[in-house]
Amino acid sequence: MGRGLKNPARLKTLSRLKNPWVLGAVASIGAGVLPLVVPGEWPLVGRALIAVVAAALAGASGSYFGVVLTRAESAAAAIEALRLVLDPLIHHPQGPAGGERSVFELLLPHSCPTPFWGRRGERDWLWAWCQEEAMPGLLVVDGPGGCGKTRLALRAAQEVVADGWVAGWLREGKAADLVDAAAAVADSRVLVLVDNADTRTDLASLLGALARYEGRARLRVVLIARHGVELGQALQAHLPEQHALTVKNAPVMSLLPLGETSDLIRWYGEAVGAFAAARATPAPPVSDTIAPVREGQTMVEVLTQAMVTVLRRAAPTGSPAPLDEVAGVLFEHEARWWRGTAALDRWAVGPVTDVLLARIIAALALFAPADEPEAIGVLRRVPELADAPTERVTNLVRWAHSLYPPAAGAGVRIGPNLLADWFITTSLTRTEGDRHFARHLLNDPTEEQAARILTLLARAGEHHPPARLLFEQLLGGDPVRLARHAIYAALTTATNRRELDHTTATALAAADLDTDTTTRLLRLTPAYALPRCALTLARHRLHDTRVTGTPSELADALTDLAAALERVGEHREQVLVTREAAGLRRGLADGTPARRFDLAEALGNLSVALNGAGEPREQLSAAREAVDLCRELADGDPAYRRDLGRALGNLSVALHHAGNPREQLQVAREEVDLRRGLTDDDLTHRPGFGRSLIRLAVALHWAGEHREQLEVAREAVGLCRELADGDPALRPTLAHALIHLSAALNRVGEHREQLRVAREVVGLCRDLADGNAAHRFDLAEALIECTTALNRVGEHDEQLRVAREAVGLCRDLADGNPGRRPALRRALGHLSVALYRVGEHDEQLRVAREEVGLCRELMDGNAAYRSDLADALANLSFALHHVGEHREQLQVAREEVGLCRELVDGNPAHRRVLGEALGNLSAALDRVGEYGERLRVAQEAVDLYRELAAHDPELFHQAYVDNRATLRQLRPQHDDQDDITFNL
């Protein structure tokens, strides 16, 4: 521990100095010194005066010393108070006599004998964070399990201790005491480390106390967790808004696995030597070029491989063993150690088996009892010890604590979390006997125990899937009481969140929740993070409201359920629910004009639901009525302009699906202008403004205004990126913005940047879809955009792989929702192109025929899909060309041109597509020898591209030149009177 906590006897010494006899002696000395130095021949009056002054000084001296000692005693008492809430940075356990020592002690940060490799930049940043007074007092250090978070924090703490800081690990349940103790330590600097913060049950009280902290000591707190952002989300739901800002404003230092392969090989070799020396055993030979490591491994994985090499005393192979195998070897060693130490007479534990010893350690590691009596209660949950004599159970507790002394007042810590989680999970799930043990162990825990266990199991499930079964078992035993802890636990994880969301939602669906419990759980459940839980709770709320609510309350409950259904992609039910809500709102508005806003909102929700379900006609009708209502409201009260903006956005989307690009662009521009004005006055409107920019980019695409489309798409991405950094719930909006930026870059030929953006959005959408299956549609859109970019830059093997993934995903989506069939059509088109690029022409033709057939079905229900059919016909024409079906190719090309002429009549933006169709028809005519018609088609293409190039020479000049060259080949006598000059 740092300064002031090394010598608690100091407080006792200061207390002795305050003894009245000691102070009296000091005062007497002060009174006696002056008479000794005053000459005896001085007059009596003078000597008397001196005596009076001396006496006064003596009293002042005693008073002065008393004040100084009181202050010193207070400071020492404050330091002593800190000592009671903080554990030392380095703890040196006194292990049991005899036998080998634990290998896990050498793997823990405080006692690992290897050097501290790398992380210089992070250490410098941590030093600056500690020293800079203006920095927030809370820091989160996160990263994958075993990547070195705890060791980095420990090293940083040791460095500031050398600079005079007080530092230590926060003991469990001491959060509030910490802040009070720090406030009493004036003019000091205190660094507190909170390890395994995601499993702590006292974080809410710690953060609440930090938000109120006003002490003079500089207090810095580091939370160490696997997922910092997710932990912050979980905590915010449990804190008052003003205290939640402490979490929201805290910086997050995210660590990733460290080192290239050459680094890992070197570190592995050094670790083998260090572990062998620590165990006083010869080091096995290691290679400078080969080791059982791979890039991307965490530090704990490298260290455990080295420890296994030392234990086996054999030269390693070149490939790392799986985590299960490594953990098995290490725990086999620990089991022998347990057996040997338990046999010592000093413990008097009686006959034991390896299974019993493992269960004792697993139970104490899982429950983390705070003291010996609580530990005894935990061991009573082990079936073999349920009726054992108290003395024996007590001795077993003391035996276990001698092996693994409780860390930070929270039970035993048996090794790095990756290994401890594996051991706990396998000890409770491997065999039927283990599962029987688990049922006993997890039966009816206290709420605090359940909170910790659920969070630990949520973390363990990231690497050990059977832990999820234990999570389900514990929650299912009492879902009403434990639901809030399960929700918190699910929020603290990232890679495991989707599964836990389903598990918790299933338990809640079967539970008998009263209205108050439902309301409380809804407040704790971020809908974007746990969409299935939010949906289940919304269903509970609707059920209760149907029984006791008013029509208005029922409409509110239906609206909330519709939003929850949208988040999980249940669009068919969403339509039914929004129709019912709109019907209720219409009835209420008929009798009360003041309720017209509620009707407008319900109609907007209905248009959104119809969009997801693929019903464009009714979608457009509902969106138009909502806009009309909102215009009337906004004309009478500017406060409704925000709602008008939302209604205009829904109308823009509906017009797109109805195939009305001119009005779509007009409406999209109006929405952007309105929302830009709102945002200028109030920054809270920025999310809506970002979405409006995305819709404008889409409208500009269909209007053929690709330069402006790119400008708007860039603005949308910049804004949405900033918003998503501050609010993870807006990451889907950023994904949509990136998808449309990729499309815009494609249109203007910026293909390298297009690929970079497409790769980014695919990664983002994969993360979103991992957490919520409803985002699989966003992933499909991103994959389709990525195939376009890969095609443009010539990455054809990857293009084919991505196109196949997109088609597979879109098939799944379309099977469950016919409204997703247009996405399947686009995916098939891109797969057709990808197959052409790798020469798979037979499959290319099959896919192209499927695409055309699907487009014809779509167009039968909605003429807006004519442009999709034109694209599909172009792909089919190309495929027919490569298999030599030239007569059918000509037939398809003629249909494509006719369709494109119709599209251009309705929207000149389709002239580019018509130009491409004319090129396809010209090629088909050439194959069948129709040279006269080919000449006429080539001339039409030249005339068309001349007009396009005059409007945008950068985009269309080359196409004009190419088509003019083709025309010259067909008509050699052609002169150059049609030449025009372009200023590029």
Hey, are [X] and [Y] close enough for a salt bridge, meaning a charged N less than 4.0 Å from a carboxylate O?
X: Glu781; Y: Arg826; answer: yes
X: Arg821; Y: Glu857; answer: yes
X: Arg646; Y: Asp643; answer: yes
X: Glu933; Y: Arg894; answer: yes
X: Asp673; Y: Arg676; answer: no
X: Arg579; Y: Glu615; answer: yes
X: Arg675; Y: Glu670; answer: no
X: Arg586; Y: Glu625; answer: yes
X: Arg585; Y: Glu580; answer: no

Student check: side-chain heavy atoms of [X] and [Y] closer than 4.5 Å:
X: Ser742; Y: Val761; answer: no
X: Arg662; Y: Pro908; answer: yes
X: Asn791; Y: Thr787; answer: no
X: Gln664; Y: Val698; answer: yes
X: Leu903; Y: Leu914; answer: no
X: Arg901; Y: Leu918; answer: yes
X: Leu723; Y: Leu734; answer: no
X: Leu741; Y: Leu710; answer: yes

Heavy atoms only: give me the nearest [X]-[Y] pair and the separation to one decimal.
X: Ser832; Y: Val847; answer: N-CG1, 4.0 Å
X: Thr733; Y: Arg691; answer: CG2-CG, 3.7 Å
X: Trp702; Y: His656; answer: NE1-CE1, 2.8 Å
X: Pro818; Y: Pro822; answer: O-CD, 4.2 Å
X: Arg695; Y: Ala668; answer: O-CB, 4.2 Å
X: Ala697; Y: Val712; answer: N-CG1, 4.0 Å

Are side-chain N/O atoms of [X] and [Y] paired as donor and acceptor at under 3.5 Å?
X: Gln958; Y: Asp962; answer: yes
X: Asn772; Y: Arg567; answer: no
X: Asp943; Y: Gln939; answer: yes
X: Asn746; Y: Arg792; answer: yes
X: His881; Y: Arg927; answer: yes

Would Leu696 and Leu665 count as a side chain to side chain contact (heavy atoms under 4.5 Å, CB included) here? Give the steps.
CA-CA 7 Å; Leu696 178 57; Leu665 180 58; 3.8 Å; yes
With Val667, which residues qualify under side-chain contact (heavy atoms from CB on, under 4.5 Å), at least two apart?
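Partners of Val667 under the side-chain contact (heavy atoms from CB on, under 4.5 Å) test: Leu648, Leu651, Ser652, Leu655, Glu663.
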Atom pair [atom1] ([X]) and [atom2] ([Y]), whose distance is rounded to the nearest 0.5 Å:
X: Glu805; Y: Leu783; atom1: CD; atom2: CG; value: 4.5 Å
X: Leu809; Y: Leu779; atom1: CG; atom2: CG; value: 5.5 Å
X: Leu873; Y: Asp868; atom1: CG; atom2: CG; value: 11.0 Å
X: Arg964; Y: Gln969; atom1: CZ; atom2: CD; value: 12.5 Å
X: Leu880; Y: His841; atom1: CG; atom2: NE2; value: 12.5 Å
X: Gln574; Y: Asn605; atom1: CD; atom2: CG; value: 8.0 Å

So, the side chain of Asn963 versus the backbone of Ala959: is there a donor-acceptor pair under 3.5 Å, distance only?
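Present.
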Check: Ser621 side chain, Glu618 main-chain N or O, donor-acceptor pair, under 3.5 Å
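Checking the backbone N and O of Glu618 against the side chain of Ser621, no donor-acceptor pair under 3.5 Å is found.
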Which of parallel (below 30°), tilted (30 to 60°) and perpendicular (above 60°) describes Phe878 and Tyr836?
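Phe878 vs Tyr836 ring planes: perpendicular.
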From CA spacing to verdict: side chain to side chain contact (heavy atoms under 4.5 Å, CB included), Glu896, Leu921
CA-CA 8 Å; Glu896 179 194 357; Leu921 178 56; over 6 Å; no
Could you walk me through whether Leu693 and Val717 pass side chain to side chain contact (heavy atoms under 4.5 Å, CB included), step by step?
CA-CA 9 Å; Leu693 288 170; Val717 166; over 6 Å; no
Out of the candidates Glu940, Arg936, Arg934, only one should pair with Ser922 under the side-chain hydrogen bond (donor to acceptor under 3.5 Å, both in side chains) rule; please name it.
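Running side-chain hydrogen bond (donor to acceptor under 3.5 Å, both in side chains) over Glu940, Arg936, Arg934 with Ser922 returns exactly one hit, Arg934.
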Salt bridge (Lys or Arg N to Asp or Glu O under 4.0 Å) between Arg849 and Glu888, worked out:
CA-CA 12 Å; Arg849 289 193 189 282; Glu888 186 180 357; 2.7 Å; yes
Inspect the surroundings of CZ in Arg707 and state if more than 12 heavy atoms from other residues, nucleotides or ligands are less than 6.0 Å away.
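More than 12 heavy atoms, drawn from other residues, nucleotides or ligands, come within 6.0 Å of this atom.
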Check the surroundings of atom CG in Asp842: do more than 12 heavy atoms from other residues, nucleotides or ligands lie under 6.0 Å from it?
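It does not: Asp842 CG has 12 such atoms or fewer within range.
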Can you list everything that forms a side chain to side chain donor-acceptor pair (under 3.5 Å) with Arg811? Sequence neighbours excluded, please.
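By the side chain to side chain donor-acceptor pair (under 3.5 Å) rule, Arg811 matches Glu850.
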Lys NZ or Arg CZ of Arg820 over Phe777 ring: under 6.0 Å, within 45°
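Geometry flag: set, cation within 6.0 Å and 45°.
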Side chain to side chain contact (heavy atoms under 4.5 Å, CB included) between Arg912 and Phe956: does it pass, once the steps are laid out?
CA-CA 9 Å; Arg912 176 178 187 163; Phe956 296 106; 3.9 Å; yes
